[in-house]
Protein chains: 2
Amino acid sequence: MARTNDRYKTAFNQMLDSLAAMPAGSELSSETILARQLGVSRTIVRAVLERLQKMRIISWRGRRKKLLKSPDASDRFPDDEVESVSVRLEEYFLEWVLRTDVAPDTRLNVSLLSRQFSCTPHALHEFLVRFSRFGIVERLKTGGWVLRGFTAEYAIELSEFREMIELTSVRKLVALATDHPVWAQLDELKRDHIALLEHIEVRYRDFSSLDDRLHTTINSVQDNRFTREFQSLISMIFHYHYQWNKRWERQRNTVAISEHLAYIDALQSRNWQAAQSAALAHLATARQTLLASTGAADTLVS
Amino acid sequence: MARTNDRYKTAFNQMLDSLAAMPAGSELSSETILARQLGVSRTIVRAVLERLQKMRIISWRGRRKKLLKSPDASDRFPDDEVESVSVRLEEYFLEWVLRTDVAPDTRLNVSLLSRQFSCTPHALHEFLVRFSRFGIVERLKTGGWVLRGFTAEYAIELSEFREMIELTSVRKLVALATDHPVWAQLDELKRDHIALLEHIEVRYRDFSSLDDRLHTTINSVQDNRFTREFQSLISMIFHYHYQWNKRWERQRNTVAISEHLAYIDALQSRNWQAAQSAALAHLATARQTLLASTGAADTLVS
DNA sequence: CAACTGTTTTTAATTATTTATATACATAGT
DNA sequence: ACTATGTATATAAATAATTAAAAACAGTTG
C-alpha cells in the first residue's frame, strides 16, 4: 500500500556504483551535493546513507561520512525490484499485444489483466490512459477499454502519417544553411553507419538505435513539439518491432543500412528531388517490414 | 467516497424527457428496452424506475409500469449535479490557462489546484494525464507537472503542423472521384455558409461549429486515425478560442466565412493549385487570429 | 417457450488513506 | 559568514476500500 520506493532503491544502487569507483577511506561530499548528483531529494540521500551505515559500508556521524569498504554486487537491490511498474507494464502489454493473437476490437477486462500482469487495476488503468495516445487502445465513453490492436490498418495509417511528416522535414532540411548543427550530426551518423556495416556480422542488433537516431535527427529540424511527439511513438513501435521480429534480421538490417547511407548522401547533396526519392525508398521498405509483422502471427519472431 | 452516480442522474433526467412526451396512463416498455434506449444497464433503469415510483410519477408492479402524471422541471436533477467532474475540469482548467496570466513553464501544485477546482487530487491527476497529449502540460520524469502554457510558440507549432496535415488532405481531396461522399458534404457546407452569411448580424456565433465541420470534413478524406486525433485537438483549441476571444468577433467571422466559401469553391474546381492557395490563405488568417490571442493578456476577451 | 423480471456476481470508477519523496525552515558547525 | 545538517511540513504517488454500474444467471409469467 502507498507509493513504491523505486526512487530510493535506484538511488541506492547508483550510489553504490559511485562508491565502487572510490578508494576505501575517502570522505563523501555533502548531502546536498550527493542529492544533486543522484538527481533526488536530500530525504532520499539520507535514507541511502542510513542504509549504507547500517551495512557498515560507510561510517557517518554529523557531517563526517567515510567509506569503510568497497561495496560489491551482493549489496545492490536486485534489478527487477528496481524496475518501476509502468516500465514493466509497457513491456508486458506490448508483448501481449504484439505476440499473442488477441483479436482486434476486443474489450479489455482491467481487473483480469491486472492480475495477469501482477499489478493493481489502478496501475493498469494509469498505463492505459497514457498509452491511449498511441491509438492502440481506446477508452469507451460508456466506460471500459477496447484493444484496437496493432493491425495492418494501424501500420498503414502510421506509415502514411510518418511519410508526410518526414518528407516535410526533408524539404526543410535540404534548404538549411551549411552551419546548421544538423549537418554535423549527419556526418557523425554516416561514420557510425559505415562503422556498423564493417562489423555487421556481430553487431547487426545495434542497427535499431541507429535507425532511431537518424529519423529523430531528421525530424528535429522541424523543431515542432507535435512532430517530436509523433517521432517518439515511431521510436517506441520500432523499438519493440526490432526486438521481437527476428526473422531475416541481419539481412534486413544490412539492406536498411545501405538505404540509410543513400538517404544521408542524398540529404548532403542538398538536392530536394534526390533527397525525396531516397526518403520515400527507405520509408517504403520500413512500411513493408512493419506491415509484414502484423497480419499473420507466424510472421512474428523466428 | 467511491464512484459518482452521474450516469444514474443523467439517465433519470433523460427518462423524464421521454415521459414528458407520453400521455398519462400509458404503459412503459420493458426494462431491457428502456436500458437500450437510454444507453445504460438494466441496473440503472431499475434504480430510475424505483425513484419514479417513489415520486408517484409511475406505478410499478412486476412487469406493469404505468405513467401516472406528466413530470415537470422540478422533478429533474439539477444540471450542475449531473455534469461529470472530468468535463468541468476541462472547462475550469482551460479557462485558467487561457484567461489568467500564468507564466509558461510553471510547476503545477496538484493538491493546491485540486482544492481550487474543488475536486480530489486524483481527479485532477487523471485529467492531466489525458490532457498531456495536447502538449500544454507535461509530466516531469522526476514527478510532478509543468504548465508549458498556450504560448505564441505553441500556437505557431500547432498551426504549422495543422497546415502540413490539411494541405495533404486537400491534395488527396481534389483527386477524388465525383461520387465520393465528401463532395455532397461540401455542397451542404456551402449552403450552410451562405445561409449563415445572410443572417450574420444575429447568428455570427454559429460560425464556430461550421468552422469545425469544414475542417473535419476536409481532413476526413485522409481516413487516418492520427489525422483525426490531431483534428480533435484543433477542434478543442478553436472551440475555447472562439468562446473566449470575443474581440472583433462578428467582423472576424464574416471574413472567415468568405474565406471558407472561396476555399470550398476552389476545392470544387478540383484544381490543385487554386485549392492550395485558398487553403493557405484561410489557414494563415486562422494562425494570425490564434497568435494574437496568445502573448498579451489584454488581447483576450473584449 | 420466449420474453421479462428478480437476484447474484463481477467489473469499473472514485475517494480515502498511507507511505515515499520533496521542500522549507531552523539550527549547528567550521 | 557561509554551508551543512536536523527537523518539520507539504506534496506526490501508490494501494485499499467503497460504491456505482454492468453482466450473468435463475426463476416467472403471459
Side-chain angles (χ1 to χ4, degrees), chain A residues 1-12 27-36 38-50 60-65 84-86 107-115 119-129 139-140 142-145, chain B residues 1-11 27-36 38-50 60-65 84-86 107-115 118-129 139-140 142-145:
Chain A
M1 180 176 178
R3 76 187 287 186
T4 59
N5 57 356
D6 297 331
R7 286 182 73 73
Y8 161 68
K9 288 179 180 168
T10 312
F12 182 83
E27 292 275 338
L28 309 198
S29 17
S30 79
E31 296 173 5
T32 320
I33 292 174
L34 289 172
R36 196 161 29 217
L38 297 173
V40 294
S41 72
R42 264 184 63 217
T43 311
I44 289 195
V45 170
R46 291 170 64 83
V48 166
L49 291 174
E50 249 163 62
W60 182 30
R61 237 192 93 199
R63 52 185 66 182
R64 304 203 70 82
K65 299 177 284 289
S84 79
V85 183
S86 56
R107 184 106 192 240
L108 297 179
N109 185 328
V110 173
S111 32
L112 188 71
L113 268 182
S114 66
R115 257 170 284 155
C119 67
T120 64
H122 185 75
L124 179 57
H125 176 256
E126 287 279 283
F127 169 76
L128 289 174
V129 173
R139 188 177 207 162
L140 297 173
T142 123
W145 295 87
Chain B
M1 184 175 176
R3 77 188 285 183
T4 59
N5 56 355
D6 298 331
R7 284 182 76 73
Y8 161 66
K9 288 178 180 169
T10 311
E27 291 274 339
L28 309 198
S29 18
S30 79
E31 296 174 6
T32 320
I33 292 173
L34 290 171
R36 196 162 28 217
L38 297 173
V40 296
S41 72
R42 264 185 63 215
T43 311
I44 288 195
V45 170
R46 290 171 64 83
V48 166
L49 291 173
E50 250 164 63
W60 181 28
R61 236 193 95 198
R63 52 185 66 180
R64 305 204 70 80
K65 299 178 283 287
S84 80
V85 183
S86 56
R107 185 108 192 240
L108 296 181
N109 186 328
V110 173
S111 32
L112 188 70
L113 267 182
S114 66
R115 257 170 284 154
S118 53
C119 67
T120 64
H122 185 75
L124 179 58
H125 177 256
E126 287 278 283
F127 169 76
L128 289 173
V129 172
R139 188 177 208 161
L140 298 172
T142 125
W145 296 86

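Proteins come first, then strands; the chains are lettered A, B, ... in the order of their sequence lines, and each starts at number 1. Below, each value reflects all heavy atoms present in this structure, side chains not excepted, and no hydrogens, waters or symmetry copies.
- What separates CZ of Arg36(A) from C1' of dT21(C) is a distance of 18 Å, to the nearest Å.
- Closest heavy-atom contact between Ala11(B) and Ile44(B): CB-CG2, 3.7 Å.
- Whole-Å rounding puts the Leu38(B) CG to dA22(D) P distance at 11 Å.
- Taking only side-chain nitrogens and oxygens, Thr120(A) comes nearer than 4.0 Å to OP1 or OP2 of dT15(D).
- Residues Val45(A) and Ala35(A) share a closest heavy-atom pair of CG2-CA, 3.4 Å.
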Taking Watson-Crick and G-U wobble contacts under 3.5 angstrom, with | marking pairs to another strand and [ ] crossing pairs, the secondary structure of DNA chain D is written ||||||||||||||||||||||||||||||
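- Note on Arg7(A): a side-chain N or O is less than 4.0 Å away from OP1 or OP2 of dA22(C).
- Summarising the geometry, the separation between NZ on Lys9(A) and P on dA13(D) is reported as 18 Å, rounded to the nearest angstrom.
- In plain terms, the two heavy atoms of Val85(B) and Ala123(B) that are nearest each other are CG1-CB, 4.2 Å.
- Proximity of Ser30(A) to the phosphate of dA4(D): a side-chain N or O atom is located under 4.0 Å from OP1 or OP2.
- With rounding to whole Å, His122(A) atom NE2 is found 12 Å from dA16(D) atom P.
- In this structure, Leu108(A) and Leu128(A) approach most closely via the heavy-atom pair CD1-CD2, 4.3 Å.
- When the salt bridge (charged side-chain N to carboxylate O under 4.0 Å, His left out) test is applied to Arg46(B), the partners found at least two apart in sequence or on another chain are Glu31(B).
- Both Arg64(A) and Asn5(B) lie close to DNA chain D; mapped to their nearest nucleotides by heavy-atom distance, the more 5′-ward contact belongs to Arg64(A).
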Quick tally for nucleotides 6-13 of chain C: nucleotides whose base has a protein heavy atom under 4.0 Å get B, sugar-phosphate-only ones S, the rest -, giving BB---SBB
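- To the nearest angstrom, P of dA4(D) lies 14 Å from CG of Leu28(A).
- In this structure Arg36(A) satisfies the salt bridge (charged side-chain N to carboxylate O under 4.0 Å, His left out) test with no other residue, sequence neighbours excluded.
- A search for salt bridge (charged side-chain N to carboxylate O under 4.0 Å, His left out) contacts involving Arg139(A) returns nothing, not counting sequence neighbours.
- Using a 4.0 Å heavy-atom cutoff across all strands shown, Lys65(B) reaches sugar-phosphate atoms only and no base atom.
- Applying the salt bridge (charged side-chain N to carboxylate O under 4.0 Å, His left out) criterion to Glu27(A), with sequence neighbours excluded, gives Arg64(A).
- When heavy atoms are screened at a 4.0 angstrom cut-off, Val85(B) is found touching no nucleic acid atom at all.
- As a whole-Å value, the separation of Leu49(A) CG from dT21(C) P is 14 Å.
- Distance, Leu34(B) CG to dA3(C) C1': 14 Å, rounded to whole Å.
- His122(B) and His122(A) have tilted rings, their planes meeting at an angle from 30° to 60° on a 0 to 90° scale.
- The separation between Ile44(A) atom CD1 and dT21(C) atom C1' is 6 Å, rounded to whole Å.
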